[in-house]
Structure formats: structure tokens, C-alpha cells
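One structure is given below, encoded as C-alpha cells.
Every value quoted in this text rests on a predicted model; they were computed, and no experiment measured them.
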Amino acid sequence: MASSGLTHFIHQSTSRQEASEEEKLSQEFKELLLSLPREKGWRTHYLYLFQGFWCTEDKIQGIDTFMNQFQAKDSDVVVASAQKSGTTWLKALTFAIVNRQSFSSLENHPLLTSNPHQLVLSFEFDIYGNNRDKISLQSNMSDPRIFSTHIPFHALANSIKESHCKIVYICRNLFDTFISTWVFMNKVKPEYLPMLTLEEAFEMFSKGIIQFGPWWNHMLDYWKESIARPEKVLFLKYEDLKEDVNFHVKRVAEFLGYPFTREEENSGVVEGVIKLCSFEKMKDLEVNKFGAFSKKVENKHFFRKAEIGDWENYLSPLMVEKLSKIIEDKLSGSGLSFRVHSSY
């Protein structure tokens, strides 16, 4: 009984100490929030301008901890992306490519029973999510570790930028990105928040007010780094991947240091990986039909249409003209451009 009482006392003391530290941290955090510019959010009350990009309140502390504490290994792989730009697809492909020796049998592959977001954890949503630093989670991961992020390049932990780890980045034309984001955010927003109208969301997007945005800065950040250090950052466009997936899957494998052998190519391994990670295959899996990535997001919400040009079913000619001008202005002189097929 005495031992039980001592344990209870220690637990209470520890809890009070942790609560005190959390209160102190919470006060510092409140003061930080008050100092940051803020705008109306998409699926939260507000977005805050933190480290040069827009961020929800619940992610700021975790991202700050990640920036200052994460220790990258040279063998790490980071899948980076703008939201709703092919993230789920690239996570699946990267996981399948890097781990194909461990899971050579595609009939029993982890991607058949787990959502790609569960296999490739995000810095801001999973590892440092909810303001918790899950160092133990990282240390228990086997090499090569594969992570993902929507955080802009300039705000990544210095250890990522300074190490020899690889970054594969994917982006998408901003017309489709906007529509996919608008539909997704309305599906996963809390019930107490009203639906965002297309017009309201478009105005916010056009001003760059989107989580981890503005998107043109996000893309240019990684684009410029891929030019300066092509051995460090591989820059992919969703449209190019859709157009010639075989070529780009082999390109990703080569870049990451896991090239397909001639024997693998002749025996259909590349095609097997592509089929396993295809939108049609993943969308039809039980885990992605009925599973949930978290309490807030059902897996099915990550699989909508995967089409190029769906924006034409939503945007007015005036919206197209406005966003086209923004893209032209923001990307001018960078060498980065997107093919946008339009009937307007």
C-alpha cells in the first residue's frame, strides 16, 4: 500500500510539474500568437503567418520544435509537397520503391492494408503534431526512414538542409490544386464551421492565404533548390507523373539511390509498383474505403478524382483570368511553368 501511495504521489508530482511547464509554454505560445498576423482559416477559425507561411494554431508549436530539434540522417528520404498536389500517390510510390526488397510480394504488401499516410509519417501532422515531440518514434524507425512534409523548404530543419538526405517534391497546376483543396477542406472541416463558398475560398487562395502557402512561394522555394542542388531535391509535376508514370517512377528510384535493375525491369517490377500505387487500386482497397487516418479525416477523402483539368467544371472565366495573371506574375523569370489545357 505504501509503495502504491508513493507511486501515486510521484505521478501527481510529475503531472503537476508537466502541467506547470505546459502552462508556461502555453503562455509563451499565446504571446507568440498575439504577435502574428492572422486571417480567416479554411478549416479552422484562423490561419497565422508563421516563419513566412500560413499555419493553423495547433501546428505552430510542433513545427517550431521540428525546425529546432529534428536530426536528419544522410539515409533519410523526405516526400515534400504542396497540399492536394499528389501527396498520397507520391508517398505510396516512394514507400514501394525504397522498400521493394523487404516487400517483394505485392500480394502481401503493407500498402494493401494501410493508407500511405500511415506508412509515411508527416513531420507536422504526426511526429511533431499536437505540439508533442515524438523523438522516440523517430529513433525506433528503421533505415531508410521516409518522412513527409508540406512545410516550405526555407523552414525545414537545418539538419535536413545540411545533410545528404534526399527530398522528392511534387506540385500541381494551381487551378486543380485550388479546387481539390476547396473540396477537401469542406469535407474535413469541423461541423461548427460553415461551408466555404467557392468564391470566398478563391479570394483567400488568390491572396496566398492557404495553409503552408502562398503556394507560388512554396513551389518556387523547392524549384530553386532543385536547380541549385539537383542531387538534393528532385522536383516533380503531378501532370508529368500522370503523363509518363513509368519514366518518372524510374527517375525517382534512380534519384533516391534505389534504381531498378535490368532484371527487375524485364520481369515487370516497375509496372507492379505502378499498379500497386495507382489511384484505381488504392481507392478500391477496404482500408481506403472505410478506414480513418485520424479522428478528423477518413481515408476515402484522400481519393477523389485524380484528374487533370477538373477545375474547368468550377471556375468562371473571370476566376481563370485572375489566377492566370497571378501565376504569370509570381512565376515570371523563374523558368517554372505549367501546361494548362483550357476551353476558355
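- Ionic pairing of K207 and E39 is not present here: no N-O contact between side-chain nitrogen and carboxylate oxygen is shorter than 4.0 angstrom.
- Closest heavy-atom contact between S324 and F175: OG-CZ, 3.3 Å.
- Looking at heavy atoms from C-beta onward, L336 lies in side-chain contact with F235 at the 4.5 angstrom threshold.
- For the pair K84 and F184, the cation-pi criterion (under 6.0 Å, within 45° of the ring axis) is fulfilled.
- In this structure, K224 places its NZ atom where only 12 or fewer heavy-atom neighbours from other residues, nucleotides or ligands lie under 6.0 Å away.
- Nearest heavy atoms, T87 versus A82: OG1-O, 3.7 Å.
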Assess the residue pair F338 and C171 against the criterion (side-chain contact (heavy atoms from CB on, under 4.5 Å)); give the C-alpha distance rounded to whole Å, side-chain angles, the decisive distance to 0.1 Å, and a yes or no. CA-CA 10 Å; F338 293 86; C171 63; 3.6 Å; yes

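- Side-chain N or O atoms of E264 include none that pairs as donor or acceptor with a backbone N or O of V270 at under 3.5 Å.
- Closest approach of Q51 and H154 over heavy atoms only: O-NE2, 2.7 Å.
- Residues C277 and W89 approach most closely at O-CD1, 3.3 Å, considering heavy atoms.
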CA sep, side-chain torsions, deciding dist, call: E225, K161, salt bridge (charged side-chain N to carboxylate O under 4.0 Å, His left out): CA-CA 10 Å; E225 199 63 30; K161 291 182 279 190; over 6 Å; no

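- If you chain together ILVMFWY residues whose side-chain heavy atoms come under 4.5 Å of each other, L193 ends up grouped with Y192.
- Between Y314 and F178, the gap from one ring centroid to the other reaches at least 6.0 Å.
- Under a 4.0 Å N-O distance rule, the pair E203/K40 does not qualify as a salt bridge.
- Within the 3.5 Å criterion, the main-chain N or O of A72 finds no donor-acceptor partner in the side chain of D76.
- K91 and H117 are linked by a side-chain donor-acceptor pair at a separation below 3.5 angstrom, with hydrogens and angles left out of the test.
- With L276 as the partner, the side-chain contact (heavy atoms from CB on, under 4.5 Å) test is satisfied by one option alone out of E271, R100, H109: H109.
- The distance between the ring centers of Y169 and H218 falls below 6.0 angstrom.
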Run the numbers on W182 and F202 for side-chain contact (heavy atoms from CB on, under 4.5 Å), then give the verdict. CA-CA 8 Å; W182 172 63; F202 183 79; over 6 Å; no

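- A donor-acceptor contact shorter than 3.5 Å is absent between the side chain of D74 and the backbone of S163.
- No donor-acceptor contact under 3.5 angstrom links the side chains of T181 and Q83, judged on distance only.
- The cationic group of K59 does not satisfy the cation-pi geometry with F125, failing either the under 6.0 Å distance to the six-membered ring centre or the 45° limit from the ring axis.
- No side-chain heavy atom of Y258 sits less than 4.5 Å from a side-chain heavy atom of Q101.
- More than 12 heavy atoms of other residues, nucleotides or ligands sit less than 6.0 Å from atom CD of E231.
- Across I210 and W42, no two heavy atoms sit closer than the pair CD1-CE2, 3.4 Å.
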